2 protein chains.
Amino acid sequence: MDSINIKKLAEALKLSTSTISRAFRDNSDISSATKELILAKAKELNYQPNHYASNLREQKSKTIAVIVPELANNYFSQAIHGIERIARENGYHILIYVTDDDFKKEVTFIRHLHNGRADGIVMSVSGEANDHNYLNKFGNKRLPLVFFDRIYEDIETPRVITNDYNSSFLGTEHLIDQGCKRIAYMVVNKSLSIGKTRMQGYIDALEKHHIKFDESLIVDCSNSYEENSVIIKQALTDLKPDGVFTSVERLAFATYYACYDLKISIPHDLKVISFSSLEIAPLLNPSLSTITQPAVEIGEQAAKLLFIILDGKADKNHPHEVVLQSKIIQRNSTSNQPK
Amino acid sequence: MDSINIKKLAEALKLSTSTISRAFRDNSDISSATKELILAKAKELNYQPNHYASNLREQKSKTIAVIVPELANNYFSQAIHGIERIARENGYHILIYVTDDDFKKEVTFIRHLHNGRADGIVMSVSGEANDHNYLNKFGNKRLPLVFFDRIYEDIETPRVITNDYNSSFLGTEHLIDQGCKRIAYMVVNKSLSIGKTRMQGYIDALEKHHIKFDESLIVDCSNSYEENSVIIKQALTDLKPDGVFTSVERLAFATYYACYDLKISIPHDLKVISFSSLEIAPLLNPSLSTITQPAVEIGEQAAKLLFIILDGKADKNHPHEVVLQSKIIQRNSTSNQPK
DNA sequence: TTGTACGCGTTATCAG
DNA sequence: CTGATAACGCGTACAA
């Protein structure tokens, strides 16, 4: 038998297991001499307190779960990075779950996580169109949960969002300022809370500038690359917009591809602006005007909010909302200067 | 007391805990009637076997750890996605650790993981220049480990890599075919195994075409965006290359930015090709020629390799190497047609 | 088919 | 300051 545990270490040192245990915990009384002795021997024998035993004992896992709709999106990668950093600073580890925008997976993940595997959850949701009530079924056993970016408005839990309404209002206004009259709005799922908020900013900006809102200019896209390609080409051909506002970066890319194919010139024939955290937006052809969310910071804030709950400094049902500011960055895709 | 456990569920059903336990395991004998009864009640009371208790008992965590140098890189995001998918199919969860290319963090993560928290590790390494022997210090207690992409050649463990030598040979040859005579090679860390392999392909391609290898054309970059900007501008100005081969996409972006600033026209004055898994490479200005690795598949293969070990179908020290093929995709950044 | 009892590796409590 | 002991929640021999 080659595995090491507290008992064997105790035997090796002629000490009790309690003493060993104490050497690894900061709070307990122990002479610094024996402590060093123990830690030295532990290192030699490659001993570490077993995580599962400790956590069974302490009823906590020092782990937080992160659930995101997708990974192939700069925004979520950056957000996860932020979460990871804060988690590590707090001695926590992170489990990653990708729903691929599948609500059923989300429910499965969340349910599963309630077996003690994680102490809390940071999530960007995938199923606004569905019944979120599953989150309330856990009663007061529900794990601490923090939403970021994509949230369920009807679930009371802390959240980190950006000023989406205002951003899309300003983004739309920017297109109008650049001379656009027919602005299409591309969205993946109208019913997503984030889709709705962003859309409202678009609608209100149109109204302010006395442009009649035309529902047909709302283009509802899917999650499939191929489908979107078809949908967008169709929309550009049929609707003949002179401006496009896309609610996620993926749709801006699809619009670019469509324009290449259809020989539509950006920004001459069509101006494009998008929500996007893409760091290389300036390198696109043409460079893409963006509304950029502070993705890393959003992740950090979400993690911090979760730790406030985990540290018992706030009730987990107490709604707490952090609103961060996005930046609108004008680039060539919305320029009205001849190039 | 509101928490549910096996004992309370047993009481509620007037059954023993072992019977409950059996209902949740496929192998044990139990009448399907009682099993259904138990599962129904469990659902009602929101009971799930505690993960930590189970795993303490069974001495395994059903968790694999994924260690990557960075997250803000399409390649790693995609690879993680692949790993996640395979893990989920096998009923495993994944823990994510980001080293930020810091070798010390890598060592800390690996050490820590040997406390039972994970059953295996999938890693792309961060410290080729350092002493990797720490991986051998665990003796036969070392966790099953699979490298992907960035590996330590001196550590015997399964690995998934791409045909880097050949790819960079072909990439370099492509630049030569397009008329380049002075090809700079940009690398983040010369000593990284992956950097060395890729560099050798570059060198051999030059030789084949009777171009003298000039060491000063090897540009050693850093991980800092600002530093790279300076280094690359300097290199472009001093060395006046007519072609650039970058070993990671980040450096291609930096080169693009530098060229914008220096008014160097790509591809007219300078042709650029890069290793990159960026899906929107065609959208860049100009579209970027790439050597694209099958990132998702690499992740999947790495995970599969790990599961082969975890399932006991292979000895963990048995070296097993999977080599996947990258694709070289020519776009405008290496075009020699007048645009 | 079901129940009893022990142990997985820790840590908190209490006694010394 | 250190040691003995019980308990965390579960799964499996073994017994019934």
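Just so we're on the same page: letters track the sequence lines, and every chain starts at 1. Quantities reported herein were computed from a predicted structural model and do not represent experimental measurements.
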Which pairs would a plain distance check flag for residues 31-40 of chain B, meaning a side-chain donor or acceptor within less than 3.5 Å of a matching protein atom at least two apart in sequence or in another chain?
unit_1, atom_1, unit_2, atom_2, d
Ser31(B), OG, Thr34(B), N, 3.2
Ser31(B), OG, Thr34(B), OG1, 2.8
Thr34(B), OG1, Ser31(B), O, 3.0

Under 3.5 Å, sequence neighbours excluded: what are the donor-acceptor pairs made by side chains of residues 80-89 of chain A?
unit_1, atom_1, unit_2, atom_2, d
His81(A), NE2, Asp100(B), OD1, 3.0
Glu84(A), OE1, Arg88(A), NH1, 3.0
Glu84(A), OE2, Arg88(A), NH1, 3.1
Glu84(A), OE2, Val98(B), N, 2.9
Arg85(A), NE, Glu300(A), OE2, 3.1
Arg85(A), NH1, Glu89(A), OE2, 2.4
Arg85(A), NH2, Glu300(A), OE2, 2.9
Arg88(A), NH1, Val98(B), O, 3.2

Got a sec, which residues hit side chain to side chain donor-acceptor pair (under 3.5 Å) with [X], two or more places apart in sequence or on another chain?
{"X": "Ser18(B)", "result": "Ser16(B)"}
{"X": "Ser54(A)", "result": "none"}
{"X": "Asn133(B)", "result": "Asn136(B)"}

- Query: Counting just side-chain N and O atoms, does Gln48(A) come under 4.0 Å of either OP1 or OP2 of dG9(C)?
  - Reply: no
- Query: Think Asn50(A) has a side-chain N or O under 4.0 angstrom from the OP1 or OP2 of dG9(C)?
  - Reply: no
- Query: Whole-Å distance between dG9(D) C1' and His51(B) NE2?
  - Reply: 13 Å
- Message: Quick check on contacts: within residues 36-45 of chain A, what sits under 4.0 Å from DNA chain D by heavy-atom distance?
- Response: none
- Query: Any ion pair linking Arg150(B) and Asp101(B) (charged N to carboxylate O, less than 4.0 Å)?
  - Reply: yes
- Message: From C-beta outward on Ser16(B), which listed nucleotide comes closest to its side chain: dC1(D), dT2(C), dG3(C)?
- Response: dG3(C)
- For Tyr97(B), ring-ring contact (aromatic ring centres under 6.0 Å, His included) partners two or more places apart: His93(A), Phe109(B)
- Using a 4.0 Å heavy-atom cut-off, write out nucleotides 11-16 of chain D from 5' to 3' as B (base contacted by protein), S (sugar-phosphate only) or - (no contact). BB----
- Note on the structure: Those residues at least two apart in sequence (or on a different chain) that pass side chain to side chain contact (heavy atoms under 4.5 Å, CB included) with Ser61(A) are Thr63(A), Asp119(A), Tyr52(B)
